[in-house]
Amino acid sequence: MKAESHSICSHTIDLNLLHIYEAKKRISPLVRHTPLVKSDPLSTLFDHDVFLKLEFLQDPGAFKVRGATNKILSLSPTDRKRGVVTFSTGNHGLCTCWVAKKTDTPAVVCVSKRVAKLSPKRIEFMRALGAEVVVSGDTQDEAGEMAKELVATRGLTLIHPFDDPFVIAGQGTIGLELLEDEPSISSVLVPLSGGGLISGIALAMKSASPSIKVIGVSIENAPVMYESIKAGHPIEMKEVDSIAESLLGGIGLDNRYTFEMVRDLVDEIVLVSEKEIENALSFTLENHHWLLEGAGVAGIAALLSNKASGTGKTAIILSGSNCEARSLLKQLQI
Ligand SMILES: *Cc1c(COP(=O)(O)O)cnc(C)c1O
């Protein structure tokens, strides 16, 4: 899974650094340039500078607002008036609804029965933002089928959670901010599920310097990208639960962008266990006093478990904080 640095130029996918700069300009009215702060506890523990990128400080609580904003603001006026539809394990749906409200765009969200049961507060919140919530199917993929049906029948535009060039370019703006705030970063740890976040960040950072190491962190309970790359093509896996629910879900058998981008641009993917995510949540709460969601601390989990060793200046993307606080604290026995 070594990255070929030259693959940025020869890549078959028509997505480059300029698209990320365009995204940066487009999304700036709605999206925060989040702080990059040095973590003293982690820097002391690992004897090199560890920086944390506080993406959970975006208004809707996660970085996904970047991709959603870039996609929605790129639509034609007619398409925007018809509205957008998405399917999501949570944050993408939430962020899409938030952006839709800010931009007066009608929004429909398709969620699986499982997600509806797991996250009733999120559903409530999306409805409160004015979105129409459609509960359909048992899995993420089945919710996706319903979304595609609405594209066909109602002329809505699908806002994909990760496999869309505008979404990837939007998430890539995080890479630009990292380079701006700490140009000497030598490795970055990125939570990885569908791969939109890491594809955008890798494209931005490898374009600046191919020697910057980009490491993906997935969960043992949903190593779909990891196994797909091992297999040489996108595969499907059975869904199981995780404390890092935002990292659940597949990459799609019909994956068009993120599989190739992760294969070509990402240096390494490591897998963390449920226990390691729990430890990272407790560590972050006790040392930084932030209660994040499981997915948000995947990078910290990888470092604390010595599964990833950032060398030199290391940045960790803290991707989100949307959680049911009480039940999470109970689970952590805090
Ligand atoms: C979606 C999400 C991720 C993973 O992003 P992908 O683009 O699917 O790889 C990580 N953390 C949080 C909080 C998320 O919501």
Side-chain angles (χ1 to χ4, degrees), residues 34 52-58 60-68 70-71 86-98 111 115 118-119 122 140 144 159-175 188-204 214-219 221-226 228-229 234 242-252 255-259 261-263 265-266 269-272 277 280-281 284 290-302 316-324 328:
T34 54
L52 304 174
K53 177 73 169 156
L54 311 188
E55 275 304 296
F56 62 89
L57 293 181
Q58 296 295 353
F63 73 88
K64 283 201 175 75
V65 67
R66 294 177 186 262
N70 193 41
K71 179 68 179 180
T86 187
F87 56 102
S88 170
T89 52
N91 276 330
H92 179 65
L94 209 89
C95 289
T96 300
C97 294
W98 186 88
V111 295
V115 168
L118 276 173
S119 316
R122 284 198 197 182
Q140 172 90 342
I159 312 291
H160 199 282
F162 54 86
D163 204 24
D164 179 297
F166 288 94
V167 171
I168 295 167
Q171 325 300 31
T173 58
I174 293 173
V188 56
L189 296 176
V190 187
L192 165 58
S193 175
L197 176 62
I198 200 168
S199 294
I201 291 177
L203 181 59
V214 179
I215 302 167
V217 186
S218 296
I219 44 174
N221 281 8
V224 188
M225 184 64 87
Y226 177 87
S228 295
I229 287 176
S242 171
I243 191 169
E245 63 181 85
S246 295
L247 295 182
L248 292 172
I251 69 166
N255 188 292
R256 293 177 62 196
Y257 301 96
T258 60
F259 170 74
M261 290 184 76
V262 172
R263 183 192 64 197
L265 298 176
V266 171
I269 300 174
V270 300
L271 304 180
V272 292
I277 293 273
L281 282 166
T284 310
W290 300 322
L291 179 61
L292 303 190
E293 60 174 290
V297 298
I300 292 182
I316 303 180
I317 312 300
L318 303 186
S319 53
S321 63
N322 286 311
C323 61
E324 310 261 341
L328 185 61

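By convention here, the first residue in the shown sequence is residue 1. When a ligand or atom number is given, it counts from 1 through the structure's own listing order.
Expressed to the nearest 0.5 Å, how far CZ of F162 lies from CE of M225 amounts to 7.0 Å. Rounding to the nearest 0.5 angstrom, the gap separating the CD1 atom in I201 from the CD1 atom in I168 is 12.0 Å. Between the CG atom of L203 and the CD1 atom of I198 there is a distance of 12.5 Å, given to the nearest 0.5 Å. Summarising the geometry, atom CD belonging to E293 is positioned 11.0 Å from atom CG belonging to L318; distances are rounded to the nearest 0.5 Å.
Here E55 pairs with R66 in a salt bridge; the nearest charged N to carboxylate O distance falls below 4.0 Å.
Under 3.5 Å, the side chains of T86 and H160 contain no donor-acceptor pair of N or O atoms.
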Check ligand 1 for close polar pairs with the protein: N or O on both sides, less than 3.5 Å.
{"residue": "ligand 1", "atom": "7 (O)", "partner": "G196", "partner atom": "N", "Å": "2.9"}
{"residue": "ligand 1", "atom": "7 (O)", "partner": "L197", "partner atom": "N", "Å": "2.8"}
{"residue": "ligand 1", "atom": "8 (O)", "partner": "G194", "partner atom": "N", "Å": "2.9"}
{"residue": "ligand 1", "atom": "9 (O)", "partner": "S193", "partner atom": "N", "Å": "2.9"}
{"residue": "ligand 1", "atom": "9 (O)", "partner": "G194", "partner atom": "N", "Å": "3.3"}
{"residue": "ligand 1", "atom": "9 (O)", "partner": "G195", "partner atom": "N", "Å": "2.7"}
{"residue": "ligand 1", "atom": "11 (N)", "partner": "S319", "partner atom": "OG", "Å": "2.6"}
{"residue": "ligand 1", "atom": "15 (O)", "partner": "K64", "partner atom": "NZ", "Å": "2.6"}
{"residue": "ligand 1", "atom": "15 (O)", "partner": "N91", "partner atom": "ND2", "Å": "2.8"}

